[in-house]
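Okay, so here's the structure we're looking at.
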Amino acid sequence: MNEESKKQEEDIKIYEEAVSIDRSRQKSRRVFVFYIVGLFCVALGLILLSYVMQAHANSQLEDLGAQLTEQTDAATGAKARADQLQVKMDALQEQLDESQQQNKTMQQTVEQQKKNIEALDSLWQLERAVQDEDMQQARSIIRKLDSAYTREVLTDSAKEPLSGDAAQEYANICDELGF
């Protein structure tokens, strides 16, 4: 019996070792399953987090795109307004240039009219001096007129400052006084 009892004890030991190994394997399987489930949950959490971050990034990108569109539209509008203002400014500059040219022409005309008036006034003084028989004064006025203008210009009825009858009158007085 001893042998049989030893054999039974050995069988029991083997059986207990097998059961222990089986339990150990089952425990390892459970740990492995929990480990796999944990990894799956972490991966699922990372995927969900990635999706949320991507959705947030897309939302920000759309907002930036809308802002860029608004700014582009505003810049386009501002450029169009600047172009309109430039056209108006160019038109006003042309008008200013024309006005300045007209002003210059008018100033030249005024200056010429002043010279004509001075020459006619001198001619009137010359006629008065001739009527008063003040020949020295008359000669002084003729010299003054001749130095300011040439005799040919003063006696030419087609040219200013003395034109028409005034030029003829001056020529007659100069001839009368022997100039």
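- Atom CD1 of residue I142 and atom CE of residue M135 lie 9.5 Å apart, to the nearest 0.5 angstrom.
- Legend: residues meeting salt bridge (charged side-chain N to carboxylate O under 4.0 Å, His left out) with D146, ordered by chain and number and at least two apart, are R151.
- Separating the CD atom in Q102 from the NZ atom in K104 is a distance of 13.5 Å, to the nearest 0.5 Å.
- Looking only at side-chain heavy atoms (C-beta outward), M89 and L85 stay at 4.5 Å or farther from each other.
- Tracing side-chain contacts under 4.5 Å through hydrophobic residues (I, L, V, M, F, W, Y), one never reaches W124 starting from L145; they form parts of separate clusters.
- Residues H56 and V52 have side chains not in contact (no heavy-atom distance under 4.5 Å, counting atoms from C-beta outward).
- Proximity of N172 to E176: side-chain heavy atoms (C-beta onward) are nowhere separated by under 4.5 Å.
- I47 shares a hydrophobic cluster with no other residue; no ILVMFWY side chain has heavy atoms under 4.5 Å from its own.
- More than 12 heavy atoms of other residues, nucleotides or ligands sit less than 6.0 Å from atom CG of D73.
- Heavy-atom neighbours of Q136 CD from other residues, nucleotides or ligands within 6.0 Å: at or below the threshold of 12.
- Considering only residues two or more places apart in sequence or on other chains, K88 meets the salt bridge (charged side-chain N to carboxylate O under 4.0 Å, His left out) condition with none of them.
- Taking a 4.5 Å side-chain heavy-atom cut-off between Ile, Leu, Val, Met, Phe, Trp and Tyr, the cluster of M106 contains only that residue.
- Counted by atom type alone, D90 and Q86 present one or more donor-acceptor pairs between their side chains at under 3.5 Å.
- Residues Q101 and D97 have side chains that never bring a donor and an acceptor to within less than 3.5 angstrom of each other.
- Checking side-chain atoms of T69 against main-chain N and O of G65 turns up a donor-acceptor pair under 3.5 Å.
- Note that the SG atom of C41 and the CG atom of L46 stand 11.5 Å from one another [nearest 0.5 Å].
- Atom CD1 of I173 and atom CG of L126 lie 4.0 Å apart (nearest 0.5 Å).
- Atom CD of residue Q93 and atom CD of residue E98 lie 11.0 Å apart, to the nearest 0.5 angstrom.
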May I have the list of side-chain donor-acceptor pairs in residues 110-121 shorter than 3.5 Å, sequence neighbours left out?
from, atom 1, to, atom 2, distance (Å)
Q112, NE2, N116, OD1, 3.2
Q112, NE2, E160, OE1, 3.2
N116, ND2, E160, OE1, 3.2
D121, OD2, Q125, NE2, 3.3

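- Here the side chains of V33 and V37 are in contact, with some heavy-atom distance below 4.5 Å.
- L39 contributes atom CG, which lies 12.5 Å from atom CG of L44 (distance to the nearest 0.5 angstrom).
- For CD of Q108, the number of neighbouring non-hydrogen atoms (other residues, nucleotides, ligands) closer than 6.0 Å is greater than 12.
- T109 places a side-chain N or O within 3.5 Å of a backbone atom of T105 that can act as its donor or acceptor partner.
- In terms of the side chain to side chain donor-acceptor pair (under 3.5 Å) criterion, E10 has no residue partners (sequence neighbours excluded).
- Distance alone, capped at 3.5 Å, is enough to place a donor-acceptor pair between the T76 side chain and the T72 backbone.
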